[in-house]
Amino acid sequence: GLLEKYYYVSEESELVAKKIVTVPAYTTTYNYSYDSKGNLIEEMIESDNGNSPQRITYEYEEVMP
(Lines give C-alpha, C1' and ligand atoms only; values in the text may rest on other atoms or scores of the structure.)
Protein backbone atom coordinates (compact mmCIF):
# COMPACT_ATOMS: atom_id res chain seq x y z
CA GLY A 1 0.00 0.00 0.00
CA LEU A 2 0.76 3.67 0.00
CA LEU A 3 2.65 5.20 2.95
CA GLU A 4 2.91 8.98 3.44
CA LYS A 5 5.07 10.70 6.08
CA TYR A 6 5.15 14.44 6.79
CA TYR A 7 7.88 16.45 8.55
CA TYR A 8 7.86 20.15 9.42
CA VAL A 9 10.86 22.16 10.63
CA SER A 10 11.23 25.88 11.32
CA GLU A 11 14.60 27.22 10.15
CA GLU A 12 15.09 30.80 11.37
CA SER A 13 12.31 32.74 9.61
CA GLU A 14 11.38 30.03 7.10
CA LEU A 15 9.26 26.91 7.41
CA VAL A 16 10.56 23.78 5.72
CA ALA A 17 8.32 20.79 5.07
CA LYS A 18 9.03 17.33 3.73
CA LYS A 19 6.57 14.74 2.45
CA ILE A 20 7.73 11.21 1.71
CA VAL A 21 5.45 8.97 -0.34
CA THR A 22 6.31 5.29 -0.55
CA VAL A 23 4.64 2.76 -2.82
CA PRO A 24 5.87 -0.83 -3.18
CA ALA A 25 8.11 0.00 -6.18
CA TYR A 26 9.74 3.32 -5.18
CA THR A 27 9.82 6.34 -2.85
CA THR A 28 9.23 9.97 -3.82
CA THR A 29 10.34 12.83 -1.55
CA TYR A 30 8.81 16.30 -1.79
CA ASN A 31 10.70 19.13 -0.05
CA TYR A 32 8.85 22.42 0.41
CA SER A 33 10.30 25.78 1.52
CA TYR A 34 8.14 28.69 2.69
CA ASP A 35 8.98 32.34 3.34
CA SER A 36 8.25 34.15 6.61
CA LYS A 37 4.71 34.97 5.38
CA GLY A 38 3.92 31.30 4.79
CA ASN A 39 4.14 31.50 0.99
CA LEU A 40 5.50 28.46 -0.81
CA ILE A 41 8.78 29.55 -2.46
CA GLU A 42 10.39 26.27 -3.56
CA GLU A 43 9.43 22.65 -4.20
CA MET A 44 11.96 19.87 -4.81
CA ILE A 45 10.74 16.47 -6.00
CA GLU A 46 13.11 13.50 -5.94
CA SER A 47 12.29 9.87 -6.63
CA ASP A 48 14.32 6.71 -6.57
CA ASN A 49 12.50 5.38 -9.67
CA GLY A 50 15.14 6.75 -12.07
CA ASN A 51 13.49 10.08 -12.93
CA SER A 52 15.56 13.27 -12.69
CA PRO A 53 14.91 15.52 -9.68
CA GLN A 54 12.56 18.44 -10.31
CA ARG A 55 12.86 21.93 -8.80
CA ILE A 56 10.01 24.42 -8.92
CA THR A 57 10.40 27.97 -7.61
CA TYR A 58 7.59 30.41 -6.86
CA GLU A 59 7.72 34.21 -6.85
CA TYR A 60 5.10 36.58 -5.50
CA GLU A 61 4.40 40.19 -6.32
CA GLU A 62 2.88 42.63 -3.86
CA VAL A 63 -0.43 44.02 -5.02
CA MET A 64 -0.97 47.67 -4.22
CA PRO A 65 -4.49 48.53 -2.95
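Values below: all heavy atoms of this structure, side chains included; hydrogens, waters and symmetry mates excluded.
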### Summary
So the salt bridge (Lys or Arg N to Asp or Glu O under 4.0 Å) pairs with at least one residue in residues 53-65 (sequence neighbours excluded) are Glu42-Arg55
### Query
When rounded to the nearest 0.5 angstrom, what distance separates OH in Tyr58 from CG in Asp35?
13.5 Å
### Summary
So OG of Ser36 and CD1 of Ile41: to nearest 0.5 Å the spacing works out to 9.0 Å
### Straight-line distance of Lys5 NZ to Lys18 NZ, nearest 0.5 Å
11.0 Å
### Single-linkage hydrophobic cluster, 4.5 Å side-chain cutoff, Leu2 and Tyr7 together
no
Which atom pairs, donor and acceptor, lie under 3.5 Å between side-chain atoms of residues 19-32 and protein residues at least two apart or in another chain?
{"from": "Thr22", "atom 1": "OG1", "to": "Thr27", "atom 2": "OG1", "distance (Å)": "3.3"}
{"from": "Thr28", "atom 1": "OG1", "to": "Ser47", "atom 2": "OG", "distance (Å)": "3.2"}

